[in-house]
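Reviewing the structure listed below.
Proteins come first, then strands; the chains are lettered A, B, ... in the order of their sequence lines, and each starts at number 1.
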Amino acid sequence: MPNHESMDDGQRFEHLVDLASGAQVPDAPDPKDASGTSTKIVGALRGILDSLRVSGEPEESSILRASSMPGSLASRLGLDKLGVGLAQLVGDTRGVVLAGYRGAATTYALTFTTDGVEIHLEVLPSEYDGDKAEIQAHIDTGDDETNDVTVRFHKTSDSTEVSTAQLDDGGYLTVSLPLGTYDMLIELESRSVLVPAVEIG
Amino acid sequence: MTSPGGNDDFHPDRVAECLAGDTHAWEMLVRHFAPLVHSIPRRYGLTPEECDDVFQTSFAILFQRLGTIQDPQSLPKWLITTTTRECWRTLRRRDKSVSMDVIAPTADALAGPDALLLSQERDQAVAEAMGKLDERCRSLLRMLYTTTPTPKYAEIAETLGIAVGTIGPRRARCLRSLLELLHATPTGASILPEFE
């Protein structure tokens, strides 16, 4: 335990830094600190150390990737963006909590639309694997045929393709995906629809 | 709008410009909030690769949902909530052999959006004060607190050309200088106590 009386100003501050960084545990109250200033300084130093630990700007390349998104979502997936419609979110049941209905908050529905195409997704937690969710999709393709419609799921963060499925004749499909955020690409006969950043889980 | 994330001003009208397809407005928005979004996965102790994944994904979700955000003033809190949710998703996806018990988010990360916004103001003030510190102090504090993993004292001493035994007292002097610089700023004065 340090002897507060014998410490000079520099040593006292060094002691406070040790306390703030966890290198020392608090000792007996400092008799010279009747106003609690030392305690406040330790608190302030802790905040500063926290700020230093999380400091650092994101890489410029990260900022550029994120900031070029509206124009580049399709090109990131290697598509001709002229032929790709970007679907917009129009419905999200998350946040609608049914009182007394256990589990209601973990199953939710998302609805997206673009140019006569409506995409309805039901996201259900997997019964067997807590890291996955089942997605039951119904895609109303409007005037387009539902034959040979391929749906691809790409990880939003790096565009890796993680799953591919075909719509059945009724416009339905079911896939199981790890929890995450995905860009969903729907390849219709004459055009494609991109649903960016679909949150699963 | 206050400046929770960046140095440049961000006006709520920018959101409408983004929705109208203005790519420059979108870039301004991303640059403004980049420090805020970037700091959150770091508070959760995620790896640099995971931090970048969370960063990209959070802005992708924002882009998708921009049209549903009723009040642009709520954007910082919305981003904090969304980014935090991505952090937890990332943690859940990690190898099951990594116990959730070893993950130690900072206290402000657990305290919610309001606490994180205050922390962001402090982060900004600390970053500005660091820029005013002399180079030797700045290098020492960076090596001690922002480098992962933290180098050993012997490595720090060799890199900075100082004696190992002087690192402790120098660290205290540098933090004191940082505290004094912070205290001279409006943000610092509001979050720091008076001291001699």
Side-chain angles (χ1 to χ4, degrees), chain A residues 9-11 13-18 20-21 36-41 43-59 61-71 73 87-90 92 112 130-131 155-158 178-181 183 195-201, chain B residues 18 21 23 26-31 34-35 37-40 42-43 51-57 59-65 67-68 85-86 89 92-93 96 106-108 119 122-123 125-127 130 141-142 144-146 168-169 171-173 175-176 178-179 182 191-196:
Chain A
D9 190 48
Q11 287 172 323
F13 197 81
E14 213 176 317
H15 176 59
L16 298 182
V17 171
D18 281 341
S21 58
T37 302
S38 294
T39 308
K40 289 178 188 169
I41 291 175
L45 284 169
R46 282 195 179 131
I48 290 171
L49 296 182
D50 267 353
S51 287
L52 287 172
R53 288 187 184 112
V54 303
S55 68
E57 293 290 309
E59 298 279 336
S61 58
S62 294
I63 294 176
L64 286 175
R65 267 197 296 151
S67 62
S68 63
M69 198 170 294
L73 263 172
Q88 295 293 320
L89 179 78
V90 292
D92 181 351
F112 305 86
D131 294 337
K155 272 177 71 181
T156 296
S157 57
D158 62 9
L179 305 184
T181 303
D183 295 339
V195 189
V198 178
E199 294 172 87
I200 304 299
Chain B
C18 291
T23 54
W26 172 252
E27 182 179 342
M28 294 288 282
L29 185 149
V30 171
R31 285 192 181 280
V37 172
H38 182 70
S39 72
I40 295 169
R42 287 177 67 93
R43 288 183 199 286
C51 287
D52 189 48
D53 277 359
V54 168
F55 183 83
Q56 297 300 328
T57 304
F59 278 112
I61 294 169
L62 173 62
F63 174 62
Q64 170 64 270
R65 291 170 174 263
T68 67
R85 207 162 53 207
E86 279 305 309
R89 275 203 194 103
R92 286 178 65 185
R93 277 200 301 269
K96 288 276 177 59
T106 59
D108 43 13
S119 301
R122 186 192 63 210
D123 295 348
V126 169
M130 277 287 277
L141 294 181
R142 278 189 180 145
L144 283 169
Y145 298 114
T146 71
R171 177 187 65 161
R173 281 201 299 276
L175 282 172
R176 185 171 201 144
L178 188 62
L179 207 49
L182 262 175
I191 61 174
L192 299 176
E194 291 292 334
F195 66 98
E196 294 296 319

### Message
So which residue, B:Glu86, B:His38, B:Glu27, ends up with the most heavy-atom pairs under 4.5 Å with chain A?
### Response
B:His38
### Message
On a heavy-atom basis, which atom in B:Arg89 and which in A:Ile200 lie closest, and how many Å separate them?
### Response
NE-O, 3.4 Å
### Query
Contact part of B:Asp52 toward chain A, heavy-atom cut-off under 4.5 Å: side chain, backbone, both or neither?
side chain
### Query
Who passes ring-ring contact (aromatic ring centres under 6.0 Å, His included) against B:Phe55, sequence neighbours left out?
B:Phe59
### Task
Give, for atom CG of A:Leu52 and atom CG of B:Leu144, the distance between the pair rounded to the nearest 0.5 Å.
9.5 Å
### Message
Heavy-atom pairs under 4.5 Å with chain A: which of B:Leu141, B:Thr68, B:Thr57 has the most?
### Response
B:Thr57
#### Entry: Sub-4.5 Å side-chain heavy-atom contact between A:Asp18 and B:Arg171
yes
### Query
Using non-hydrogen atoms only, which part of B:Arg173 is less than 4.5 Å away from chain A: side chain, backbone, both, or neither?
neither
### Message
Tell me the closest heavy-atom pair linking B:Arg42 and A:Arg53, and the distance in Å.
### Response
NH2-O, 3.3 Å
### Query
Who wins among A:Pro58, A:Pro178, A:Ala197, A:Gly43 for the most heavy-atom pairs under 4.5 Å with chain B?
A:Pro58
### Task
Determine, stepwise, if the pair B:Leu179 / A:Phe13 fulfils side chain to side chain contact (heavy atoms under 4.5 Å, CB included).
CA-CA 11 Å; B:Leu179 207 49; A:Phe13 197 81; 3.8 Å; yes
### Task
Applying side chain to side chain contact (heavy atoms under 4.5 Å, CB included), run through B:Leu175 and A:Leu16 and close with a yes or a no.
CA-CA 10 Å; B:Leu175 282 172; A:Leu16 298 182; over 6 Å; no
#### Entry: Flag, side chain of B:Gln64 to backbone of A:Val195, donor-acceptor distance under 3.5 Å
no
### Message
Using modelled atom types and a 3.5 Å cut-off, is there a donor and acceptor pairing between side-chain atoms of B:Arg122 and backbone atoms of A:Gly47?
### Response
yes
### Query
Say you draw a straight line from CD of B:Gln56 to OG1 of A:Thr181; how long is it, rounded to the nearest 0.5 Å?
12.0 Å
### Query
Less than 4.5 Å apart, any side-chain heavy atom of B:Arg31 and any of A:Leu64?
yes
